[in-house]
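Below, all heavy atoms of this structure are taken into account, side chains as well, without hydrogens, waters or symmetry copies. Small disclaimer: the values here were computed from a predicted structure and weren't measured. Chain identifiers are assigned alphabetically (A, B, ...) following the order of the sequence lines, protein sequences preceding nucleic acid strands; residue numbering begins at 1 within each chain.
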Amino acid sequence: MTQAELRLCSLLLQEHFGEIVEKVGNSLLRTGPRPLRLLVGDTGLLPDQVKKALCVLIQHNLVRYEVQPRGSVEYEARSQRILRILRYPRYIYTAKTLYGDPGELLVEELLLHGHLPMSCAVARVANRLTETMEDGKTMDYTEVSSTFVRLADTHFIQRCPTVPESPRDTKAPPPPAPALAIAEKDMYTVPRLSLHGKGKRRHSCDEDEEREHKAKKQKQEGGNSETPPDDGIYWQVNLERFHQHFRDQALVSAVASRMDQTSSEVVRTMLRMSEVTTASGASHTQPLSSNEIFRALPAGYNIGKQVLDQYLALLADDPLEFVGKSGDSGGGTYSVNLHKALVSLATATLESIVEERFGSRCARIFRLLLRKKHLEQKQVEDFAMIPAKEAKDMLYRMLSENLVSLQEIPKTPDHAPSRTFYLYTVNVMAAARMLLHRCYKSVANLMERRQHEMRENKRLLEKSQRVEAILASMQATGAEAAQLHEVEEMITGPERQQLENLKRNVNKIDASENQVDETIFVLESFIESTMKR
Amino acid sequence: MAELKVKPEVPDPMDIESRIIELCHQFPHGITDQVIQNDMPHMEAQQRAVAINRLLSMGQLDLLRSSAGLLYRIKDSQNASKMKGSDNQEKLVYQIIEDAGNKGIWSRDIRYKSNLPLTEINKILKNLESKKLIKAVKSVAASKKKVYMLYNLQPDRSVTGGAWYSDQDFESEFVEVLNQQCFKFLQSKAEAARDSKQNPMIQRNSSFASSHEVWKYICELGISKVELSMEDIETILNTLIYDGKVEMTIIAAKEGTVGSVDGQMRLYRAVSPLIQPTGLVRTPCGLCPVFDDCHEGGEISPSNCIYMTEWLEF
């Protein structure tokens, strides 16, 4: 847990959950797993508050608990999971592109609530969709629940672990904290529910509808008193699956830019076929025969079998080595080399960072060192064809930033500098970790700046909110256009301009936070994949 | 009876020398002692030695050692005239420098080989330089080092640095221009292949260019005053690989096809970058020079970062 990670986690907790949860989370992050008593003592808050904060954190999977052998329960904060909060917009956007509006809202609801039973989720989403639809139309539950089922089938959402069914032994006292478990096969099975109904609007002006709603409401209240049919079955978002999807996306776009569109489609097909069959940390996908790939190509692409074979052969021969040929049965079996792909993407990221920060000549030296591993200064100058003085300057700058390191090879037992070889080298893992740390700090800086901007303009924001509230109430009571105009005039021209600026700046900072998060994703996946091998 | 003493004819010393010189002219590669003896059998060894020594000291004969023994060779008359004014030490130094060929030799090495003190060496070198017999060439590796070689010899590539150096200066603009030209050539080739819209194998193969093709193109462009070899072009293409703009494959080619070296051929192809500039560098923090000093509440903090203020105003 580096300093930058800690700072980012506490900023995220504060922004999304408030001060108390932030304090509790902070304390847990800094000091590691501890029981409730110590936690209360550390944070100086009331035990009730701490309990509620812990509830919130556990509900969102940000804290986990463990029963220690001595009988106490220890709580541990999961820093990795807290950092994922940054990525929520990307998850929601992906769900939108894949499954449309119902999918987007379902994922959003699940992310914001942590755990939700299916019936609850479907009801909420239907209500929200109905509000955005035109007057008179409502969203049917069946469409939403079918999207839900599709999300579960492709493993984007999964069931939460539940209390295992154990024979209730009344003599033994129940454990202080239940150990939750779920069988692998149950994780994605959707319970058979017959959800009927339509979405409701929160408030509507139509009188007829109101009466209708009143009648429905009574019926519904009668229905609400009984427990929903899927009580106890809670669903959460499967982040790993989303990460797999992001990785596939990055791979496909890299292939598209390096080769051509059709090759990227072939790779996309291969990845889609191995979505559910490949474990999340695997370094290769399962081998797929070219016949299978041909059958699974999307309908729009009518390329012949031979052409597909040629594309596969080209992909396998390419220096990128994303696709490897593993056999000849079935017309040639091919698999995607995921680890190599992540390594290439991560090195491309490193190279691009060096290029933007130091210039393209430095990037040339950096790539040269990546290829040749260890080089003397003279050799660097010769290979890169850069004059000696400039090459020296660039190497020293990169050395001071720790992107490049020196390896000493002494010729004599006393490491006399005049008789030692000094070789420059790039340590990719170390550089990746260092840049990841820098990313975390950058995101934290951006968030602070955004909060600062909001604070600076607090007075103005409050004023505009008041004006809007007045306008809304006046419209509801049917005021004249002249009066509305007067109220609008309360915000002067420059203030309006300032508000515009503020909105634009906040949006810009938000967007760049997401962009830095993309870099974080690539670097983290690379580090994780290398550590697993 | 008076004893007849056959007085051995004392051949004229001058005759001996001229005879030896004639023999040397007959055999320009050098004559051994044996040959002289065969020619003038009545000569005594001592007389022969005296004659030969005189010729050597006059600088008309060269003494060489070969597997058969000692060889005497006529010295080039032009050279012989040059060295007339010099003494033995200078001749020795000159010989050492001549032996070094076109790589030249450093003054310290001359000292080792000739065992002469440093001051003498320096005097002799200055002398020889003024007589325009040797010249000093600055080495490109260590700019303070001077190597000496014969006046009319062309310095070797390793000393001057080859095609990329002109007068000890690395020509970076020249390299840059070549770089861009090669890249443009490969890029246009790749685009032509992409537009041809044939099946992918042919498309890819036609987007490759061998190093020989690139070399021919650059030679025809005529932007280089110096003659460039294929290795030079390959070093330029390697820099393009390190720029990430070009990729290379090696294929096995038949001996005899144009451009193949040892049965292999190098093919180059222009490629586009793998990813767009990454997210981190799109924010001010990614490129900030004072990143490490920035923390909340300090002189430099996100709240008052001037880079961010400028960036937000775009």
Side-chain angles (χ1 to χ4, degrees), chain A residues 7 250 253-254 257-258 260 262-263 306-307 310-311 313-314 317 319-320 344-345 348-349 351-353 355-357 360 363-365 367-368 371 378 382-388 390 435 438-439 441-442 444-446 448-449 452-453 501 504-505 508-509 512 514-520 522, chain B residues 140-141 143 161 164 169-172 174-176 178-179 194 199-205 235-236 238-244 247-249 269 271-289 291-292 294-296 301-305 308-309 311-314:
Chain A
R7 187 165 149 236
S253 68
S257 66
R258 183 49 72 96
D260 63 351
T262 325
S263 315
Q306 281 119 336
V307 181
Q310 282 181 345
Y311 271 114
L314 278 179
D317 276 335
L320 274 181
S344 305
L345 285 171
T349 309
E351 286 163 14
S352 120
I353 292 178
E355 182 154 0
E356 295 292 326
R357 271 177 79 183
S360 53
R364 196 194 280 184
I365 296 181
R367 285 197 192 98
L368 170 65
R371 271 179 183 255
K378 183 86 181 38
D382 284 337
F383 278 123
M385 310 225 75
I386 294 180
E390 289 180 32
L435 285 170
R438 199 175 165 120
C439 285
K441 190 166 172 195
S442 305
N445 284 351
L446 285 168
E448 289 214 14
R449 179 65 185 228
H452 169 81
E453 293 273 328
N501 276 351
R504 196 187 51 155
N505 290 348
K508 196 187 252 192
I509 298 181
S512 70
N514 288 337
Q515 283 170 346
V516 180
D517 180 63
E518 279 174 27
T519 314
I520 292 180
V522 171
Chain B
V140 76
S143 59
W164 313 122
D169 258 333
F170 185 72
E171 285 205 352
S172 38
F174 180 48
V175 169
E176 276 303 309
L178 275 178
N179 199 324
R194 231 199 323 270
N199 77 56
M201 270 298 193
I202 299 184
Q203 220 176 44
R204 191 175 115 111
N205 286 341
T235 40
I236 295 278
N238 279 343
T239 62
L240 275 171
I241 297 179
Y242 304 138
D243 275 335
E247 67 178 16
M248 170 181 87
T249 45
R269 184 168 79 109
V271 292
S272 45
L274 202 56
I275 58 169
Q276 299 298 317
T278 180
L280 178 62
V281 298
R282 295 194 199 157
T283 68
C285 292
L287 311 175
C288 178
F291 186 73
D292 293 320
C294 168
H295 58 92
E296 194 51 33
S301 77
S303 320
N304 62 8
C305 176
M308 279 218 201
T309 320
W311 173 65
L312 285 172
E313 281 167 19
F314 265 141

Novice: Check this for me: does any side-chain nitrogen of one of A/R364 and B/E176 sit under 4.0 Å from a carboxylate oxygen of the other?
Specialist: yes
Novice: Please classify the contact between B/P289 and chain A as side chain, backbone, both or neither, with a heavy-atom cut-off of under 4.5 Å.
Specialist: neither
Novice: Shortest non-hydrogen contact from B/G279 to A/V516?
Specialist: O-CG2, 4.1 Å
Novice: With the side chain counted from C-beta on, respond yes when A/R371 and B/I241 share a heavy-atom pair under 4.5 Å apart, and no when they do not.
Specialist: yes
Novice: What residue among B/S303, B/P302, B/C305, B/S301 forms side-chain contact (heavy atoms from CB on, under 4.5 Å) with A/H452?
Specialist: B/S303
Novice: Could you tell me the separation between the CG atom of B/L287 and the CD atom of A/E356, rounded to the nearest 0.5 Å?
Specialist: 6.5 Å
Novice: What part of A/I365 lies closer than 4.5 angstrom to a heavy atom of chain B: side chain, backbone, both or neither?
Specialist: neither
Novice: Would you kindly say whether A/S512 and B/T283 are connected by a side-chain donor-acceptor distance under 3.5 Å?
Specialist: no
Novice: Hey, which of A/L314, A/I520, A/V307 has the most heavy atom pairs under 4.5 Å with chain B?
Specialist: A/L314
Novice: Between A/E453 and chain B, with a heavy-atom cut-off of 4.5 Å, which part of the residue counts as in contact: side chain, backbone, both or neither?
Specialist: side chain
Novice: Quick check on A/A348 against chain B: is it the side chain, the backbone, both or neither that has a heavy atom closer than 4.5 Å?
Specialist: both
Novice: Taking A/R357 for the side chain and B/V281 for the main chain, is one N or O donor matched with an acceptor at less than 3.5 Å?
Specialist: no
Novice: About how many Å separate CG of B/L280 and CG of A/D517, when rounded to the nearest 0.5 Å?
Specialist: 12.0 Å
Novice: With rounding to the nearest 0.5 Å, note down the distance linking CD in B/Q276 to OG in A/S253.
Specialist: 8.5 Å
Novice: How far does CE of B/M308 sit from CZ of A/R449, to the nearest 0.5 angstrom?
Specialist: 6.5 Å
Novice: Quick check on the interface: out of A/A363, A/P319, A/A250, who has the most heavy-atom pairs with chain B under 4.5 Å?
Specialist: A/P319
Novice: Which region of B/N179, side chain (C-beta onward) or backbone (N, CA, C, O), has a non-hydrogen atom less than 4.5 Å from a non-hydrogen atom of chain A, or is it both or neither?
Specialist: side chain
Novice: Side chain, backbone, both or neither: which part of B/N238 has a non-hydrogen atom closer than 4.5 Å to chain A?
Specialist: neither
Novice: When you measure from the side chain of A/R258 to the backbone N and O of B/P273, does any donor-acceptor pair fall under 3.5 Å?
Specialist: no
Novice: Of all heavy-atom pairs between B/F291 and A/R438, which one has the smallest distance, and what is that distance?
Specialist: CE2-CG, 3.1 Å
Novice: Are B/H295 and A/R7 close enough that some pair of their side-chain heavy atoms sits under 4.5 Å apart?
Specialist: no
Novice: So how far is it from B/D292 CG to A/K441 NZ, rounded to the nearest 0.5 Å?
Specialist: 6.0 Å
Novice: Quick one: pull up OG1 in B/T235 and CZ in A/F383 and give me the separation to the nearest 0.5 Å.
Specialist: 10.0 Å
Novice: Which answer fits A/A254, side chain, backbone, both or neither, if we ask what part of it has an atom under 4.5 Å from a heavy atom of chain B?
Specialist: both
Novice: Take B/T278 and A/T349 through the test side chain to side chain donor-acceptor pair (under 3.5 Å) and record every step on the way to the result.
Specialist: CA-CA 6 Å; B/T278 180; A/T349 309; 4.8 Å; no
Novice: Yes or no on side chain to side chain contact (heavy atoms under 4.5 Å, CB included) for B/L274 and A/L320, after CA distance, side-chain angles and deciding distance?
Specialist: CA-CA 10 Å; B/L274 202 56; A/L320 274 181; 4.0 Å; yes
Novice: Under 4.5 Å from any heavy atom of chain B, what part of A/T262 do you find: side chain, backbone, both or neither?
Specialist: neither
Novice: Which bit of A/E518 is near chain B, if near means a heavy-atom gap under 4.5 Å: side chain, backbone, both or neither?
Specialist: neither
Novice: Could you please spell out the steps behind the side chain to side chain contact (heavy atoms under 4.5 Å, CB included) verdict for B/L312 and A/N501?
Specialist: CA-CA 9 Å; B/L312 285 172; A/N501 276 351; over 6 Å; no
